[in-house]
Amino acid sequence: MENKTGKYFKYAIGEIVLVVIGILIALQINTWNENSKRNKLESEALKNLKEDFNNNLLKLIRTDSLSTLNIKSCVEILNHSGKRYTEVFVLDTYLNDAVSVTDYVAKNGFLNDLINSGNLGLIKNTVLRNLLSSWLSELIDLNKIEDDTGKFNNATIDFIMKNGSFLNVDEERDFKTSSNIKLPESGFEINNNELLKLPEFENIIENQIILQDLVIYKYKHCIKLNKEILKLLESEINKKK
């Protein structure tokens with residue numbers, strides 16, 4: 001009886017060990033499957049983010065260039081205001097670029113989906129995750145600056161509309177509509193160069209430079225952040241190849 005009891009006890013222990021081993025193997029397989037699934041989802045997320053941020057970088061560089069052109073045009077105008085006024089300078093050549101302001105619109109659909117669904121944690125690289133989160137904060141600050149600049153730019157346009165002629169500007173740059181229709185000449189005897197003799201106009205253009213310079217500073221910062229994100233995205237993607 002003692003021998004039988006010992007055998008049964010050993011058998012029971014063996015069964016328990018096998019069951020435990022089976023459970024551990026099942027858990028290991030489940031963990032492997034989950035990790036494999038998360039790795040696949042992370043790879044897809046990294047590629048989608050890279051595509052969006054490549055697009056964002058191109059837009060940022062283009063928008064930054066337009067703002068830089070805005071400032072250059074404004075500076076050229078100030079070089080001919082007041083006592084520096086000359087008949088040979090044609091204000092209409094620079095006026096359109098001086099009041100052309102473009103807001104930056106980022107492509108963040110996939111990033112927003114990751115955050116809203118609570119899946120930003122798919123990105124294992126902590127530094128990359130933090131940079132992605134800070135990207136959205138930077139855009140909020142940028143949009144605030146752009147809003148302030150846009151309001152002032154609208155005021156500049158209103159001033160020109162009351163004291164000058166945009167038809168003269170369109171004629172100078174040979175503007176045509178999307179239907180290839182050329183606008184007629186102004187029906188009023190207005191010379192936009194007269195704006196150069198107004199202190200208020202000079203002040204408006206000067207403020208335009210200051211505000212656009214703030215926007216450009218923010219653009220440069222966002223471009224740097226965008227490039228850092230792209231570098232980390234590329235690095236993480238290469239690790240998975």
Side-chain angles (χ1 to χ4, degrees), residues 56-108 134-175 177 183 185-227:
N56 287 338
L57 182 59
L58 291 176
K59 281 186 177 180
L60 263 174
I61 293 174
R62 185 163 56 248
T63 308
D64 176 66
S65 297
L66 290 173
S67 293
T68 300
L69 178 60
N70 176 282
I71 287 183
K72 288 181 178 179
S73 297
C74 287
V75 170
E76 190 63 31
I77 290 171
L78 290 184
N79 284 331
H80 295 85
S81 62
K83 64 181 180 181
R84 293 178 294 274
Y85 177 88
T86 59
E87 294 289 343
V88 294
F89 178 74
V90 181
L91 177 60
D92 294 334
T93 304
Y94 301 92
L95 205 51
N96 184 72
D97 290 333
V99 296
S100 294
V101 174
T102 303
D103 289 341
Y104 174 65
V105 181
K107 184 179 180 183
N108 291 320
S134 65
W135 167 256
L136 296 178
S137 299
E138 290 295 335
L139 289 184
I140 291 174
D141 292 340
L142 173 60
N143 290 335
K144 288 180 180 178
I145 297 174
E146 285 181 330
D147 286 344
D148 292 338
T149 303
K151 290 175 183 177
F152 185 83
N153 190 69
N154 289 337
T156 302
I157 292 174
D158 288 341
F159 180 84
I160 297 171
M161 289 178 67
K162 292 175 182 177
N163 300 280
S165 169
F166 273 112
L167 274 176
N168 287 357
V169 176
D170 292 335
E171 182 182 1
E172 177 65 27
R173 65 193 185 104
D174 196 28
F175 172 78
T177 68
L183 297 178
E185 295 180 1
S186 174
F188 297 90
E189 293 295 329
I190 298 176
N191 184 352
N192 284 334
N193 270 28
E194 294 298 313
L195 294 172
L196 294 167
K197 300 176 182 179
L198 302 176
E200 185 177 358
F201 179 70
E202 183 182 69
N203 290 330
I204 286 174
I205 296 300
E206 189 268 347
N207 282 330
Q208 191 88 347
I209 293 173
I210 299 302
L211 289 173
Q212 278 300 308
D213 189 58
L214 290 175
V215 176
I216 288 177
Y217 175 81
K218 200 64 179 179
Y219 286 154
K220 300 295 186 189
H221 183 73
C222 287
I223 288 173
K224 180 181 177 182
L225 177 58
N226 194 310
K227 288 181 177 179

*With sequence neighbours left out, what residues match His221 under ring pair (Phe, Tyr, Trp, His ring centres under 6.0 Å)?*
none
*Quick one: side-chain contact (heavy atoms from CB on, under 4.5 Å) partners of Glu172, sequence neighbours excluded?*
Val90, Asp92, Thr93
*Mind running side-chain contact (heavy atoms from CB on, under 4.5 Å) on Leu214 and Thr149 for me, showing each step along the way?*
CA-CA 9 Å; Leu214 290 175; Thr149 303; 5.9 Å; no
*Which residue pairs satisfy the salt bridge (Lys or Arg N to Asp or Glu O under 4.0 Å) criterion with at least one member in residues 81-91, sequence neighbours excluded?*
Arg84-Glu202
*In sequence, state the C-alpha distance, the side-chain angles, and the governing distance for Val75 and Tyr94, and then conclude on side-chain contact (heavy atoms from CB on, under 4.5 Å).*
CA-CA 10 Å; Val75 170; Tyr94 301 92; over 6 Å; no
_For Tyr219 and Tyr104, take the angle between the two ring planes, folded into 0 to 90°, and tell me which bin it lands in: parallel under 30, tilted 30 to 60, perpendicular over 60._
perpendicular
*asked:* Does Ile77 form a side-chain contact (heavy atoms from CB on, under 4.5 Å) with Leu95? I'd like the steps, not just the answer.
replied: CA-CA 8 Å; Ile77 290 171; Leu95 205 51; 4.3 Å; yes
*asked:* Any donor-acceptor pair under 3.5 Å linking the side-chain atoms of Trp135 with those of Asn108?
replied: yes
_Nearest atoms (heavy-atom pairs only) where Leu167 meets Ser186_ = CD1-CA, 3.7 Å
_Quick check: do Ile205 and Ser81 have side-chain heavy atoms less than 4.5 Å from each other?_
no
_salt bridge (Lys or Arg N to Asp or Glu O under 4.0 Å) evaluation trace for Glu138 with Lys218_ = CA-CA 8 Å; Glu138 290 295 335; Lys218 200 64 179 179; 2.8 Å; yes
*Given side chains that start at C-beta, do those of Asp170 and Arg173 come closer than 4.5 Å, heavy atoms only?*
yes
*Is there a side-chain contact between Leu195 and Leu198, using heavy atoms and a 4.5 Å cut-off?*
yes
*Grab the two heavy atoms, one from Glu146 and one from Val215, that are nearest each other, plus how far apart they are.*
CG-CG1, 4.3 Å
*Non-hydrogen side-chain atoms of Asn192 and Phe166 separated by less than 4.5 Å*: no
*Go through Ile209 and Leu78 one step at a time and tell me if the side-chain contact (heavy atoms from CB on, under 4.5 Å) criterion holds.*
CA-CA 10 Å; Ile209 293 173; Leu78 290 184; 3.6 Å; yes
_Taking CD in Glu185 as the centre, count heavy atoms belonging to other residues, nucleotides or ligands within less than 6.0 Å. Is the count above 12?_
no
*State, to 0.1 Å, how close Asn56 and Lys107 come at their nearest heavy-atom pair, and which atoms those are.*
OD1-N, 2.6 Å
*So do the side chains of Val101 and Gln208 get within less than 4.5 Å of each other, counting heavy atoms only?*
yes
_Under 3.5 Å, is there a donor on one side chain and an acceptor on the other for Gln212 and Tyr217?_
no
*Identify whether NZ of Lys or CZ of Arg in Lys197 sits under 6.0 Å from the centre of the six-membered ring of Tyr85 and within 45° of that ring's axis.*
yes
*Are side-chain heavy atoms of Glu76 and His80 found at a separation under 4.5 Å?*
yes
